[in-house]
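One structure is given below, encoded as structure tokens.
Labels below follow one simple rule: chain letters A, B, ... track the order of the sequence lines, proteins then strands, and each chain is numbered from 1. Just so you know, these numbers use all the heavy atoms, side chains as well, and skip hydrogens, waters and symmetry mates.
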Protein chains: 2
Amino acid sequence: MSKRSPELVDDSVVECCSPLASEVLTEKEAHDVARIFAALGDPVRLRLLSMIASSDEACSCNLEAPLGKSQPTVSHHTRILAEAGLIVGEKRGRWTWWRTVPDRLEMAARLLRP
Amino acid sequence: MSKRSPELVDDSVVECCSPLASEVLTEKEAHDVARIFAALGDPVRLRLLSMIASSDEACSCNLEAPLGKSQPTVSHHTRILAEAGLIVGEKRGRWTWWRTVPDRLEMAARLLRP
DNA sequence: CATACTTATCGACGTCCGTCAATGTAAAGG
DNA sequence: CCTTTACATTGACGGACGTCGATAAGTATG
């Protein structure tokens with residue numbers, strides 16, 4: 001999909017982490033989890049994710065205008081969300097349709113709340 | 001507590017946000033929430049938070065060594081976590097004791113999971 | 001007070017991030 | 001084919017971030 005850094009966040013993270021409080025994160029766990037939260041740590045990406053989650057499928061063409069960002073910028077952000085495993089894109093005909101990955105959101109939530 | 005940017009994340013955020021999916025975040029909501037997730041988006045801060053959460057109170061003196069970071073760096077990170085409302089520090093005697101703020105973690109989790 | 005100790009702040013450095021114009025790529029429809 | 005459409009990638013720029021040494025500010029103890 002991309003030449004450099006196709007690197008998705010390791011899937012083992014999904015299994016790995018019981019709530020933060022139960023045990024101290026290792027360095028690797030912290031690194032992987034941080035990438036997920038970092039993806040959530042930008043206002044534009046949060047609104048992007050929010051838009052996708054609200055209408056359970058969204059194509060990029062509907063995202064640029066409400067965000068007020070350029071097409072490359074939107075593409076950049078969808079990529080980061082996708083690499084964090086929070087959304088997935090499916091190309092159908094002309095458009096790419098984005099959906100959230102509930103398991104991933106669930107997993108992130110589980111880290112914060114027992 | 002600090003000369004510049006004592007600016008905590010607006011508390012109204014705690015009320016504001018139903019799950020991401022239910023309604024598209026406004027720009028302000030996204031901005032405030034992003035600061036919280038951004039605070040979680042660094043491996044060192046995650047381990048820091050994890051350590052504090054595990055032993056429900058921790059003093060900075062116990063944090064530097066296991067993190068392998070300098071004292072100013074640890075101080076920097078505790079400050080960011082505190083400004084995000086995720087931890088609070090209490091000065092008792094010589095040391096500052098840090099605790100997590102369960103409501104904040106709960107709120108962040110609620111955004112991700114209905 | 002003087003000293004030791006703990007934490008916060010400052011200044012500097014290198015790196016990463018968000019942004020966009022320009023360009024590339026791939027598919028659809030004539 | 002060629003044009004149009006949708007999206008990705010590149011390159012560049014400014015700003016934010018993580019880090020640490022040095023230093024300041026605050027607090028216990030002699």
Side-chain angles (χ1 to χ4, degrees), chain A residues 1-9 27 30-31 34-49 52 57-84 87-99, chain B residues 1-9 27 30-31 34-49 52 57-84 87-99:
Chain A
M1 183 172 278
S2 67
K3 279 166 207 162
R4 61 170 195 199
S5 74
E7 7 162 353
L8 287 172
V9 172
E27 229 163 297
H31 174 269
R35 279 196 50 196
I36 299 177
F37 284 121
L40 294 168
D42 177 86
V44 174
R45 284 196 290 271
L46 274 181
R47 298 190 69 206
L48 208 47
L49 187 62
I52 296 173
E57 220 176 25
C59 106
S60 305
C61 48
N62 297 328
L63 299 172
E64 293 174 35
L67 283 177
K69 298 294 172 184
S70 71
Q71 177 269 317
T73 297
V74 172
S75 178
H76 169 70
H77 287 307
T78 51
R79 174 176 169 167
I80 289 180
L81 287 171
E83 285 179 357
I87 63 175
V88 288
E90 184 187 349
K91 246 180 181 150
R92 282 209 305 272
R94 253 199 239 277
W95 298 280
T96 301
W97 294 88
W98 297 98
R99 300 190 312 280
Chain B
M1 183 170 280
S2 69
K3 279 163 202 164
R4 60 171 194 196
S5 73
E7 11 164 349
L8 288 174
V9 172
E27 230 163 295
H31 175 270
R35 279 197 47 198
I36 298 177
F37 284 122
L40 294 168
D42 176 85
V44 175
R45 285 195 291 271
L46 274 181
R47 298 190 70 205
L48 209 46
L49 186 62
I52 296 172
E57 218 176 27
C59 106
S60 305
C61 48
N62 298 328
L63 299 173
E64 291 175 37
L67 282 176
K69 298 292 173 185
S70 72
Q71 177 268 320
T73 298
V74 172
S75 178
H76 169 70
H77 287 307
T78 51
R79 173 175 169 168
I80 289 179
L81 286 171
E83 285 178 358
I87 63 174
V88 288
E90 184 188 349
K91 245 180 179 150
R92 283 209 306 270
R94 253 197 240 277
W95 298 281
T96 302
W97 294 88
W98 297 98
R99 300 192 311 279

Can you tell me if the side-chain N/O atoms of A/Arg79 get under 4.0 Å from OP1 or OP2 in D/dT9?
yes
In whole angstroms, the gap separating C1' of D/dA8 from CG of A/Leu63 amounts to 15 Å
So which one's nearest nucleotide on DNA chain D is more toward 5', B/His77 or A/Cys59?
A/Cys59
Could you tell me whether the side chain of B/Gln71 reaches within less than 4.5 Å of the side chain of B/Ser75, counting heavy atoms only?
yes
Please check if the number of heavy atoms outside B/Glu27 that lie under 6.0 Å from its CD is greater than 12.
no
So, is B/His76 close to the C/dT7 phosphate, meaning a side-chain N or O under 4.0 Å from OP1 or OP2?
no
Less than 4.5 Å apart, side chain to side chain, heavy atoms only: is that true for B/Arg47 and B/Lys69?
no
Inter-residue atom distance B/Arg94.CZ - B/Cys59.SG, 0.5 Å rounding
11.5 Å
Over all strands shown, is A/Ile80 touching base, sugar-phosphate only, or nothing at heavy-atom distances under 4.0 angstrom?
sugar-phosphate
How many whole angstroms separate atom CD of B/Glu90 from atom C1' of C/dT7?
15 Å
Measure the spacing between CD1 of A/Ile87 and CG of A/Leu48 and express it to the nearest 0.5 Å.
6.5 Å
What's the CZ-P distance between A/Arg35 and C/dC16, to the nearest Å?
13 Å
Where A/Trp98 and A/Ile52 come nearest, the two heavy atoms and their spacing:
O-CG2, 3.4 Å
For B/His77, the side chain to side chain donor-acceptor pair (under 3.5 Å) test, sequence neighbours excluded, returns B/Arg45
Within residues 64-74 of chain B: residues closer than 4.0 Å to DNA chain C (heavy atoms)
B/Gln71, B/Pro72
Between D/dC7 atom C1' and A/Trp97 atom CH2, what is the distance in whole Å?
14 Å
Atom CD of B/Glu83 and atom P of D/dG18: how far apart are they, to the nearest Å?
12 Å
Quick one: A/Trp95 CH2 to C/dA27 C1', roughly how many Å, whole number?
12 Å
With heavy atoms under 4.0 Å as the rule, sort A/Arg45 into base, sugar-phosphate or nothing.
sugar-phosphate
Within this structure, what is the NZ-to-C1' distance between B/Lys91 and C/dC5, rounded to whole angstrom?
12 Å
Check every strand shown and say whether A/Ser75 touches a base, only sugar-phosphate, or nothing at a heavy-atom separation below 4.0 Å.
base
When the distance from CZ of B/Arg94 to P of C/dT6 is rounded to whole Å, what number comes out?
6 Å
